[in-house]
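Have a look at the structure below before the remarks.
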Amino acid sequence: MSKINVEQLLDKFVNWGIECGKDIIGAVIIYVVGRILIKLISRLVSGLLEKRKFEISVQTFVKSLLNILLNLILAFAIFARLGVETTSFAALLASAGVAIGMALSGNLSNFAGGLIILVFKPFKVGDYIDGPGASGTVKEIQIFHTILSTTDNRIIYVPNGNMSSNVVVNYSKQEIRRAEWTFGVEYGEDFEHVKEVLKRIIAADSRILADPAPFIGLGALADSSVNITLRVWTKTADYWDVYFDMNKNVYATFNKEGIGFPFPQLTVHQAQD
């Protein structure tokens, strides 16, 4: 190979390297500037959503969706700067979209489920729910998942498709909630006396609502006990405090009043010779 050919080859290589370097530097600049713009736009949209007082669930969903869309736009811009033909790339992406869509059909159903949750609002951020296979307080509603925080501080990601197509119990939807107990007393106890004691316990707790009125009834004559059914209404936020305090107060008051708690008994009759 002659000296001239080598020099020409080197010149071409240098020129190619310069052009590639320009494209790479341009792509890096686009990436850096794009990331800055994405953060600015995200903050702007977040502030706008908060100013308009959208629900937290709507805010998290919109911000998550916006972040994905902006990053896709940034990726196309970087590919274009690197010399990749974006039209052919888009066509390739579209043709692969069918196969990808079939492979990600679960995620597409989760996306649709997220939209259904936002539109019909069976629950929102801050509600305590029983979902399919999981229970907890709703922390976020994202594009594909609803994030729950359990009572023992575990984080559970539940697919939105499951949340929108299965039974979900929302304990925070209503302002008031009914609490119910069954207290067993010994056979021979005066039901009216037990009822008056329960009424005094109810009246002493200001968290228990007068309307709807409490209910006290003889629930069942069980094998070893007379079961008294007690139902009261309270604010949803006070439910568990009222529930556990009632158990404590009934136990202490029944003991003071001499009302006996039964225990399982078995009477054996011996045959006579």
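Index from 1, following the sequence.
- The salt bridge (Lys or Arg N to Asp or Glu O under 4.0 Å) analysis of residues 147-157, with sequence neighbours excluded, yields the pairs Asp152-Arg154.
- Summarising the geometry of Ala134 relative to Val158, their closest heavy-atom pair is CB-CG2, 4.0 Å, with the distance given to 0.1 Å.
- Under the side chain to side chain contact (heavy atoms under 4.5 Å, CB included) criterion, Asp190 pairs with Glu192, His193, not counting sequence neighbours.
- Going from atom OG1 of Thr146 over to atom CD1 of Ile141 covers 5.0 Å, rounded to the nearest 0.5 Å.
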Apply side chain to side chain contact (heavy atoms under 4.5 Å, CB included) to Leu70 and Ile41, showing your working.
CA-CA 9 Å; Leu70 291 177; Ile41 294 173; 3.9 Å; yes
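- Between the side chain of Ser172 and the backbone N or O of Tyr128, at least one donor-acceptor pair lies under 3.5 Å.
- The line from CG of Leu74 to CG of Leu69 is 12.5 Å long, rounded to the nearest 0.5 Å.
- Within the model, atoms CD1 of Ile73 and CG of Leu37 stand 11.0 Å from one another, a figure rounded to the nearest 0.5 Å.
- By the 4.5 Å side-chain criterion applied to Ile, Leu, Val, Met, Phe, Trp and Tyr, Leu48 is assigned to no cluster and stands alone.
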Between Val169 and Ile129, does the side chain to side chain contact (heavy atoms under 4.5 Å, CB included) criterion hold? Intermediate values first, please.
CA-CA 5 Å; Val169 180; Ile129 64 172; over 6 Å; no
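- Residue Met246 comes nearest to Leu230 through the heavy atom pair SD-CD2, 3.9 Å, listed as atom of the first residue, atom of the second, then distance.
- The side chain to side chain donor-acceptor pair (under 3.5 Å) search around Asn71 returns Arg35, Asn67, not counting sequence neighbours.
- With sequence neighbours left out, the side chain to side chain donor-acceptor pair (under 3.5 Å) criterion links Glu196 to no other residue.
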Decide yes or no on side chain to side chain contact (heavy atoms under 4.5 Å, CB included) for Thr234 and Ile176, but give the supporting numbers first.
CA-CA 6 Å; Thr234 184; Ile176 63 173; over 6 Å; no
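- Here the closest non-hydrogen pair linking Ser46 and Lys63 is OG-NZ, 3.6 Å.
- Evaluation of the side chain to side chain contact (heavy atoms under 4.5 Å, CB included) rule for Leu115 yields Phe61, Phe111 as partners, not counting sequence neighbours.
- Remark: Phe215 engages no residue in a ring pair (Phe, Tyr, Trp, His ring centres under 6.0 Å) (not counting sequence neighbours).
- Among residue pairs with one or both ends in residues 174-185, those qualifying as salt bridge (Lys or Arg N to Asp or Glu O under 4.0 Å) are Arg178-Glu180, Glu180-Arg231; sequence neighbours excluded.
- For residues 162-171, the side-chain hydrogen bond (donor to acceptor under 3.5 Å, both in side chains) pairs, not counting sequence neighbours, are Asp127-Asn170, Asp130-Tyr171.
- In plain terms, the two heavy atoms of Pro122 and Ile117 that are nearest each other are CD-O, 3.5 Å.
- Among residues two or more places apart in sequence or in another chain, the side chain to side chain donor-acceptor pair (under 3.5 Å) test is passed with Ser225 by Asn227.
- Residues Ile29 and Val33 are in side-chain contact: their nearest non-hydrogen atoms beyond the backbone lie under 4.5 Å apart.
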Report the C-alpha distance between Ile216 and Ile202 in whole Å, list the side-chain angles of each, state the deciding distance to 0.1 Å, and finish with yes or no for side chain to side chain contact (heavy atoms under 4.5 Å, CB included).
CA-CA 11 Å; Ile216 303 172; Ile202 292 171; 4.1 Å; yes
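- Residues Ser135 and Thr150 come closest through the heavy atom pair O-CG2, 3.5 Å.
- The closest side-chain heavy-atom distance from Phe191 to Val226 is not below 4.5 Å.
- Ion pairing between Arg200 and Glu257 holds under the 4.0 Å rule for side-chain N and carboxylate O.
- The ring pair (Phe, Tyr, Trp, His ring centres under 6.0 Å) analysis of residues 217-247, with sequence neighbours excluded, yields the pairs Trp181-Tyr243, Trp240-Tyr243, Trp240-Phe244.
- Within the structure, salt bridge (Lys or Arg N to Asp or Glu O under 4.0 Å) contacts touching residues 237-253 (residues at least two apart or in different chains) are Arg207-Asp245.
- The nearest pair of heavy atoms linking Glu140 to Val125 is CA-CG2, 4.3 Å.
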